[in-house]
Amino acid sequence: MPRCRAWPAVAVLLCVLPGAASAAAPVDELAVRTPVVTRHAGVFNGTRVAYTATVSELVVPDAEGKPGAKIVSTAYVAEDAGDPAGRPVLFVFNGGPISPSAYLHMGMFGPRRVAVPDDLSADPATFEVVDNPYTLLDVADIVFFDPAGTGFSRVVPGKDPRDYFSVVADGQQTAAFVTAWLRAHDRADSPAWLFGESYGTMRAAETARQLAEAGHSLAGVALFGQALNIVEFAQRRGNILSYVVSLPTLTALGVYHGKVAASGRDLAVLLDESAAFARDEYLEALFMGSALAPRERTRVARRLAALSGIPAEFYLAHDLRISKERYRTELLADEHLILGRSDGRYAAPVTEDGNAFDPSNVVPEAYLRAFEPYLREFLGVTWDDEYVTKSPVQGLEDWSWGTSPFSDWPYMQLIATAMAKNPDFRVLVGNGIHDTSTTIGAARYAVRQ
């Protein structure tokens, strides 16, 4: 039998985190939709798994213990997998600050995924949806979380959606959902993991802190395309550390596009060489600024050219610096091509108006395009509501960061708090080596700090 159970059409689930009112007002029962349950089987990492897919709705409390949001999630739970207490549950969410989990659903963790071709000039409507043998259902159950205002999730009637437009409130909503889901499915003893992407890495850190302080020890977090130390790699011109941590990514892209000579070296070795030069020599050169001797400046510029594919003359004319955005337009400028931002392996013709176009954007668009029929046909959801894919947050200024996302908000310290509460807490950081948004050098720096 599956370990997810059908819920009644009316349900209330109240779990109050520390800091919430100790005597919450009586909670009226709120109607929730009947879960949509389907059964499937697939081969994942060489293991055949029978599993149940459940799209369901939970009412979760706000920070005062009152009903705050109706969260709709999609859970994939393996059948006949032994004692559920020993089977991990992975809660998966994208960034935004608020966006649905459809991207990770169709691009990474779902049992079906979009097969992205090497040539992105094809119509995204032609991208195939195929079985995903690499999802983790052979070792863990997976729950996709859509924050209120995205997907089918909404705040409760009378609640202002903007109440959740902050790092802390968003983390509270997520922590309340994780706690509620585990309790509703009798999985409180299962190892629980959070997987966040982009802003979702900040959400994971804040949620981990809140859960730790509430006495719920997560097994750990996985941070993909991490943005915890975005202050270090946002690449404001005066932030010299951002150029240092970004250099290995430029090296990887230069090699891929034939502008950097690997000279028989393995890419991993070359990236380590690039990182070492950036740390030991490039940082010092940038620190010296105008006091750097002309001969040394020329030497550093030539080394940067060899490691990035950008001519030394450019570096000499620009104080030994090139931003990640400028790199996207400069590397293949002689071919009138611009690199993708999230995956610089992709390139496309520069637009006539010179705007910075991101050719890799077609990939997430393909994920969203494929998710709607997947939702209706594979998962069997027939609800009339719109599955909202656009974030209700109107830019950075519409979100309360505490200070600013590019200021010294202590995201890394949030992880440290969770680790201090649970010595067995684990952190996994993953970044694409060709991603110019969140670079591998910044990820390594974050782990060291």
Side-chain angles (χ1 to χ4, degrees), residues 1-18 20 24 26-39 51-63 65-93 100-101 105 109 137 140-148 150-156 159 164 170-195 203 207-208 210-211 214-219 379-381 383:
M1 294 294 292
R3 294 194 177 84
C4 51
R5 61 191 182 206
W7 299 337
V10 177
V12 170
L13 193 36
L14 183 63
C15 50
V16 183
L17 296 173
V27 180
D28 293 330
E29 290 188 342
L30 295 175
V32 296
R33 286 173 276 212
T34 301
V36 179
V37 181
T38 54
R39 287 176 172 80
Y51 64 94
T52 300
T54 303
V55 181
S56 59
E57 186 173 62
L58 266 178
V59 178
V60 301
D62 62 15
K66 300 175 182 178
K70 291 184 174 183
I71 302 300
V72 176
S73 63
T74 302
Y76 297 97
V77 177
E79 301 180 11
D80 303 319
D83 182 7
R87 183 170 171 83
V89 180
L90 180 66
F91 293 91
V92 176
F93 39 81
S101 58
H105 209 141
F109 285 117
L137 270 171
D141 297 327
I142 305 172
V143 182
F144 291 91
F145 166 73
D146 293 337
T150 71
F152 293 123
S153 300
R154 304 289 186 268
V155 296
V156 299
K159 181 77 170 175
Y164 285 115
D170 175 79
Q172 184 275 327
Q173 179 188 125
T174 311
F177 169 74
V178 169
T179 303
W181 193 95
L182 291 171
R183 289 181 179 177
H185 293 80
D186 299 323
R187 299 295 293 274
D189 294 329
S190 297
W193 287 78
L194 306 181
F195 184 102
R203 173 182 296 134
T207 301
Q210 292 193 27
L211 287 172
H216 186 104
S217 294
L218 290 168
L379 296 178
V381 177
W383 300 340

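Looking at S190, its side chain never comes within 3.5 Å of a backbone N or O of P88 through a donor-acceptor pair. With hydrogens and angles disregarded, a donor-acceptor distance shorter than 3.5 Å links the side chain of R154 to the backbone of G151. Panel note: side chain R87, backbone A140; a donor-acceptor pair is recorded below 3.5 Å. Between the side chain of Q172 and the backbone N or O of D62 there is at least one donor-acceptor pair closer than 3.5 Å.
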*Could you check L90 against V143 for side chain to side chain contact (heavy atoms under 4.5 Å, CB included), going step by step and ending with a plain yes or no?*
CA-CA 6 Å; L90 180 66; V143 182; over 6 Å; no
*Tell me, with the steps shown, if R187 and D141 meet side chain to side chain contact (heavy atoms under 4.5 Å, CB included).*
CA-CA 11 Å; R187 299 295 293 274; D141 297 327; 2.9 Å; yes
*May I have the step-by-step check of side chain to side chain contact (heavy atoms under 4.5 Å, CB included) for L211 and T179, ending in yes or no?*
CA-CA 8 Å; L211 287 172; T179 303; 3.5 Å; yes
_Test ring-ring contact (aromatic ring centres under 6.0 Å, His included) on Y76 and H105; report intermediate values, then the result._
CA-CA 11 Å; Y76 297 97; H105 209 141; 5.5 Å; yes
*Might you work through the side chain to side chain contact (heavy atoms under 4.5 Å, CB included) test for L218 and L194, ending with a clear yes or no?*
CA-CA 8 Å; L218 290 168; L194 306 181; 3.7 Å; yes
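In this structure, the side chains of W181 and S73 come closer than 4.5 Å at one or more pairs of heavy atoms. Within the 4.5 Å cutoff, no side-chain heavy atoms of F145 are placed close to those of V178. Using a 4.5 Å heavy-atom threshold, the side chains of F177 and F91 count as touching. Contact annotation: the side chain of L379 approaches that of T74 to within less than 4.5 Å [non-hydrogen atoms, C-beta and beyond]. Side chains of V77 and T54 form no contact here, defined as non-hydrogen atoms less than 4.5 Å apart. A 4.5 Å side-chain heavy-atom check between P147 and Q173 finds at least one atom pair inside the cut-off. Within the 4.5 Å cutoff, the side chain of L182 has heavy atoms near those of the H216 side chain.
The side-chain tip of R39 does not point at the ring of Y51 from less than 6.0 angstrom away and within 45° of straight on. Under a cutoff of 6.0 Å and an axis angle of 45°, K70 and F152 do not form a cation-pi pair. Taking the ring centre of W383 as origin, the terminal cationic atom of R33 falls inside the region bounded by 6.0 Å and 45° from the ring axis.
Interatomic distance, CZ of F195 versus CD1 of I142, reported as 10.5 Å (0.5 Å rounding). We find the CD-OG1 distance between E79 and T52 to be 3.5 Å, quoted to the nearest 0.5 Å. A distance of 6.5 Å separates CG of D170 from OG1 of T207, quoted to the nearest 0.5 Å. The CG atom of L58 sits 10.0 Å away from atom OG of S153, with the distance rounded to the nearest 0.5 Å. Considering CD1 of I71 and OG1 of T174, their distance stands at 8.0 Å, rounded to 0.5 Å.
Across every non-hydrogen atom of S56 and P35, the tightest pair is CB-CB, 3.9 Å.
A donor-acceptor contact under 3.5 angstrom links the side chains of D146 and S101, judged on distance only.
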